[in-house]
K.L.:
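Pasting a structure below so you can have a look.
Side chains included, hydrogens not; waters and symmetry mates left out as well; all remaining heavy atoms used. In the text below, chain A, chain B and the rest are named by the order of the sequence lines, each starting its count at 1.
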Amino acid sequence: MKKTRKLKNYIIWNSFLSIIIPIILIGTLTAYLLFAFIKNDISQKNTVIADTISHRLNGLVNESFLSLYQLRNLLETEVLNDDFQINTYLQTSLESSSIIQSLELIDETGIVKNIAPDNLNLLGSNQSGQSFFSDSQLTKTDYTSSIFISQRTGQPTLALSTPFNKGVVVAFLDLSRINLESLGLNQAFGDQISIAITDEKGTLISHDDMNKVYQRDKEENFEIIQNSNTDPSAIFTANYNGQTMLVNKSSLNNMNWFVFVYQSYASILQILRSILGITLLVTLLLVIISRVMAHFVFRTIDLSFSELNSQTKDIATGHYQLINVDNNFAEFETLTGNFNQMVERIKDRDETLQNLAYYDLSTNLPNDTYLLKHLEQFIEDDLAKIAVICFNIQNFKRINDTYGPKFGDAVLQKTGQRILSKPRDKAFTARSTSSNFIRVAYNMTNIKSIIDEIKDFQALFNEAIVINENKVYLRFYVGLALYPDHSLTAENLLQYAHMAADSAKLQGKRKIVFFETTMKKHLLHNMNLEISLQSALSKNQLFLHYQPQINVNNQEIRGFEALLRWQHPQLGNIPPLDFIGIAESTGLIIAIGEWVLKTACQRIISFNQTMNRQTMISVNISPIQMEHDGFLQMVQSVLEETGLNPNLLELEITENVLIHSHQESLEIFKQIKAMGVKLSLDDFGTGYSSLSYLKNLPIDTLKIDQAFTRDLLIKGSHENLMESMITMAHILKMKVIVEGVEELKQFDRLKSFCCDCVQGYYFSKPIPESELENYSRLNKL
Amino acid sequence: MIWKFKKYRLLVVLVFLLWLLLSACSQKTLSIGYSASLTGTNSELGVIGRNGLMLAVDTVNSTGGVNGQEVNLIIKDDKNNPQTALTVDQELYDAGVNFIIGHMTSNMAEHSLPFINEHDLLMISPTMSSQTLSKRDDHLLRVVSSNEAEIEFMAKTIKQAGNYKKIAIIYEAQNEAYTLTSKSILISLLQENGSSIIKDLPFESGNNPPYWDIANEILDSEADCIVILASSFDAALFCQQFYKLGMNKPLFLPTWAMNNNLIIQGGPAVEGIHISSLFDPNSEDPNYLKFKENYQDKYGDLPSFSAVYTYEAAMILFDAIETSQTTDPAVIKKTILDTKTYQGLQNEISIDRFGDATRKIYNYTIKNRQFEKGDE
């Protein structure tokens, strides 16, 4: 997973680093240069100190020599010519000198003739072995000794000697005084340096630690310094007791003495430390300033970011609003512009998707999804009362059948336009199923307002819809359910409104039907039937009754029509009208239809065999069965299995079969006919079949609906209609069976119309299968 | 692979440098102590000995140290005072020192030796020769012979020089561990020869001793010869007093007084004196000649016996540490004792089981301001 970081931290850190890194680099370089500068400066200063001490020492030594020269002159000029004078002079000279601790006058044989201060041990001793005597005597020049233990003091000393005409005069130096002189200078230059003075062999003459002098220590790095330091200005470093020191050296004029000035590196670092302290302080200040500046810089950016974040968060939650961020950065402007483009595109896309999801393309009205969603919202908002009104277009099927499906679509489109033209004040209308429109009106105060709402809707269709010069007047079956009176859920309300509309349709009246609980019971009843029907076949609850069809001329049995019956264990006999529709809607009709066909065929074979007759059997076929792919195969199989002569089987179809696809139906009819099976058209006169297509159907028998039989004797016009239909059928080479014959008069009249066969209670109601033979025998038909 | 090496090359180099740095930092040093009188009139022995020791340290460090450890020399001044000697030994012990070269005069052993023994240090003395320190199984080893041998040699020299019967002895009283035992031995030996000590005069060095008075007292006696048991500084001054008094009686000095300062400070006054010398200034041994050359280069002076003996003491110690590969004083002592003989700069050094050495003794005199070896 990619690691992310906060912009604020990024900016602050980068600004911090952009300051701290250059400071570190510059600081390091500066510290290095500063160190080199300070080192060089200290070295120069210490060289000056060393030279100063050398100069001072030179002065002291020269001063001592001058004392010796004066003594020499006095002796050679014999100004001093006896021991008393000489001793007095020596004592005086000694007292006037700052560094001479002892003076001696040695004769040419090396015998100490005079000495100051008095020293009995040395007076008269022979010093000819001492270099200060022998060298001076021999070379006749001044001499400066190396350090040695003084016989006078038992401490280290240096001897200065100069020859005179009768021997040598010697001055012994007090090293502690020399040390004091250098210490004085040392203190004058601060306590960061230390000073050492050595003789030509490196033996210490003076040092801060005089014990080293008394112990005749050598300067620790004398040889190394002497061998390496050819350039007087060179900076030399050496280690002393584990401490690195800067060493500067100076030589005394005319003497092989050396002055060393030491300063530790630590003192340089001490100087640097204060500078580094200031640098650190400045760095800290800069860091704080950078932090504050970064904070302010970021705050400006952060404001833009926060606003952008806040608005994009709305977008992320689905509220696609255009971003309007006021900021000072061009980058943000571009970003905002890009976001807004994206938002526009998303909104367009969502609108399209919403249209597809929530609107019906035929009418541009909201669809079921929209309907359900909004109805649920109204309920959630408790916008009582809510009226869910179902408007079902009356006879829409007929319009479709009459003018074709495209016309029907155009009608729906116009319907949508008219509905949309109505202001959506506290209401909206959706298209539910094909010819159903649901209007949802909320905040209804009373029934009257609901009725007014319905009337307003119906008023939209007072004028005919004109399509291709065809005028259609739309009327509606209206059913409605109310929230919260009838239900608290959207689904139920919709269902109840549909039920109420269906109820209105059943009642066939142009009135408004309010949902009633009984409708719900009816619905529940149907549901129970549907569940029971699933197992009715396997539980042998289904059986067939047979109604005889009587030839009019000889009043013999032409055949029987097989009629399905259902003996429900709890509900008793269920009328076919109550469950056929359920069987069709659930698809159970396929299995049931096959069973009916097979059972009827077997029974008529049994009957014919028993009665030695060629009686026909008529079996009703549902349009659903006809549409099923295996229908023809099923009929063929039943015929083969039962062995029934196809000519004795007549399949009764209704005009509904022709609704969906006239051409496909014709093809199936032809194949049925090809099997030798006969076809009859049931319930003729109740549908909308026209004579134009009737003539093209391969129908053998036309069954005229009992409705015509009922009215036959009431009006003369009805008789004419019956007669015309029979005549027409005959013209079309069809036999005619008239259903619903219940009286002799009806029979006689039909006979006079040359009707071929009749069927009805006059001859027999449908009878159980076990009674077919008895019926035939008893009635001698 | 090459890329990877290049990538990590800097890291490898840095780690290596760090390792070198840490190695350098963690390199141990071998600290040894040196305790001697470095100030005052008796300091010649200690100062010259220190110079010899520093040459030894320079030599061993220039060849990589001892077992790879650089030798760090810690020098202490015992001021020829036994109490100070104890103090400085304690300081050395506190500084983590296991080995002390020193002290240089026998009287320092009084407090120092018990401390050394108690704390299991190892002391190798170049010049403490008192017989009282002999035949002890202690933590003191010596590269110098017992003063018994030296005094025996002196007694023999006196006898050979003139069989003197009346002998005066001047001795430095502070270093009584050496001078008193020497005197006692000498008296005993001389008495065997029928000689007698007619004068027995102590003095204390460094406290403006009455050289002149003592010399006059000797002069007033009937002594045939004079034995001075003192350092070169004091001996030279006594000789000067005798010179001033015009006394030409034979003078006999121990090795203690034998260094160039005796000649320089004594001048004609020390001509002809007899020295029982524990070293041979005129040795032609290449080791010694090399040492002498180095010493002169460094200090501009000739080495004396204390320089030679201190150098040898240090070299014996370094050799034992290298041989035993340890710095445990007990092991080092055992190693030295087991080795028994070492080749010194001039002659062989035999060390017995008590850590007492036997060295060759030379008869020296001063002629024409030079040490001159006499008959052996």
Side-chain angles (χ1 to χ4, degrees), chain A residues 106 109-113 117-135 137 145-157 159 175 198-204 209-224 226-227 239 241-242 256, chain B residues 29 36-44 46-48 50-51 54 58 72 74-77 79 205-216 231-234 236-246 260-271 296-301 366 369:
Chain A
I106 304 170
T109 63
I111 303 297
V112 178
K113 301 301 288 183
D118 289 341
N119 188 313
L120 198 58
N121 293 325
L122 289 174
L123 187 63
S125 67
N126 192 317
Q127 300 294 323
S128 60
Q130 299 279 14
S131 299
F132 54 78
F133 172 78
S134 56
D135 277 30
Q137 178 76 355
S145 77
S146 300
I147 195 166
F148 64 98
I149 297 292
S150 167
Q151 287 178 303
R152 293 133 203 96
T153 61
Q155 297 297 336
T157 187
L175 297 187
T198 72
D199 63 13
E200 79 277 9
K201 292 172 189 169
T203 305
L204 292 168
D209 179 5
M210 275 304 280
N211 275 328
K212 287 180 178 289
V213 177
Y214 297 143
Q215 293 171 11
R216 279 150 286 165
D217 275 4
K218 288 194 71 173
E219 207 285 337
E220 288 178 55
N221 298 289
F222 184 76
E223 279 88 6
I224 300 169
Q226 286 294 88
N227 293 333
N239 194 288
N241 295 324
N256 288 326
Chain B
T29 56
S37 175
L38 299 171
T39 50
T41 52
N42 274 336
S43 63
E44 291 299 336
V47 169
I48 295 170
R50 180 198 65 194
N51 295 346
M54 289 177 76
D58 288 348
N72 174 38
I74 304 174
I75 298 169
K76 295 291 181 182
D77 180 13
K79 301 182 188 299
S205 181
N207 194 21
N208 196 21
Y211 300 111
W212 176 248
D213 296 340
I214 290 171
N216 275 295
S231 67
S232 63
F233 183 88
D234 294 317
L237 278 167
F238 275 117
C239 290
Q240 287 284 6
Q241 309 314 311
F242 295 131
Y243 177 83
K244 288 194 287 185
L245 293 169
N260 285 335
N261 286 334
L262 182 66
I263 295 172
I264 292 166
Q265 294 176 347
V270 295
E271 282 290 315
Q296 278 189 302
D297 283 351
K298 189 170 177 71
Y299 300 104
D301 205 352
I366 297 174
R369 301 188 181 178

K.L.:
Can you find a pair of side-chain heavy atoms, one from B:Lys298 and one from A:Lys218, that are under 4.5 Å apart?
P.N.:
yes
K.L.:
Hey, are A:Asn126 and B:Tyr243 close enough side-chain-wise for a donor-acceptor pair under 3.5 Å?
P.N.:
yes
K.L.:
Going by side-chain contact (heavy atoms from CB on, under 4.5 Å), name the residues that satisfy it together with A:Asp209, two or more places apart in sequence or in a different chain.
P.N.:
A:His207, A:Asn211, A:Lys212
K.L.:
Does B:Lys244 reach the main-chain N or O of A:Gly124 with its side chain, forming a donor-acceptor pair under 3.5 Å?
P.N.:
no
K.L.:
Looking only at heavy atoms and a cut-off of under 4.5 Å, which of B:Gly206, B:Ala215, B:Pro268, B:Pro210 has the most pairs with chain A?
P.N.:
B:Pro268
K.L.:
For a 4.5 angstrom cut-off between non-hydrogen side-chain atoms, does A:Asn121 reach B:Asn208?
P.N.:
yes
K.L.:
Rounded to the nearest 0.5 Å, how far apart are CZ of A:Phe133 and CD1 of B:Ile264?
P.N.:
15.0 Å
K.L.:
Are there over 12 heavy-atom neighbours, none belonging to A:Lys113, within less than 6.0 Å of that residue's NZ?
P.N.:
no
K.L.:
Against chain A, label B:Phe238 side chain, backbone, both or neither, depending on which of its atoms sit under 4.5 Å from a heavy atom there.
P.N.:
neither
K.L.:
If I measure from the heavy atoms of chain B, does A:Asp217 come under 4.5 Å with its side chain, its backbone, both, or neither?
P.N.:
both
K.L.:
Do the side chain of A:Lys201 and the main chain of B:Asp301 share a donor and acceptor less than 3.5 angstrom apart?
P.N.:
no
K.L.:
Spell out the residues in residues 145-155 of chain A that have some non-hydrogen atom less than 4.5 Å away from a non-hydrogen atom of chain B, in order of number; otherwise answer 'none'.
P.N.:
A:Ile149, A:Ser150, A:Gln151, A:Gly154
K.L.:
For residues A:Gln215 and B:Val47, report the shortest heavy-atom separation together with the two atoms involved.
P.N.:
O-CG2, 3.6 Å
K.L.:
Find the one option among A:Asn119, A:Leu120, A:Val213 whose heavy-atom pairs under 4.5 Å with chain B are most numerous.
P.N.:
A:Leu120
K.L.:
OG1/A:Thr203 to OH/B:Tyr299 distance, rounded to the nearest 0.5 angstrom?
P.N.:
9.0 Å
K.L.:
Side chain, backbone, both or neither: which part of A:Leu122 has an atom under 4.5 Å from a heavy atom of chain B?
P.N.:
both
K.L.:
At a heavy-atom separation under 4.5 Å, does B:Gln265 approach chain A through its side chain, its backbone, both, or neither?
P.N.:
both
K.L.:
Using heavy-atom distances under 4.5 Å, tell me whether B:Asn261 contacts chain A through its side chain, its backbone, both, or neither.
P.N.:
neither
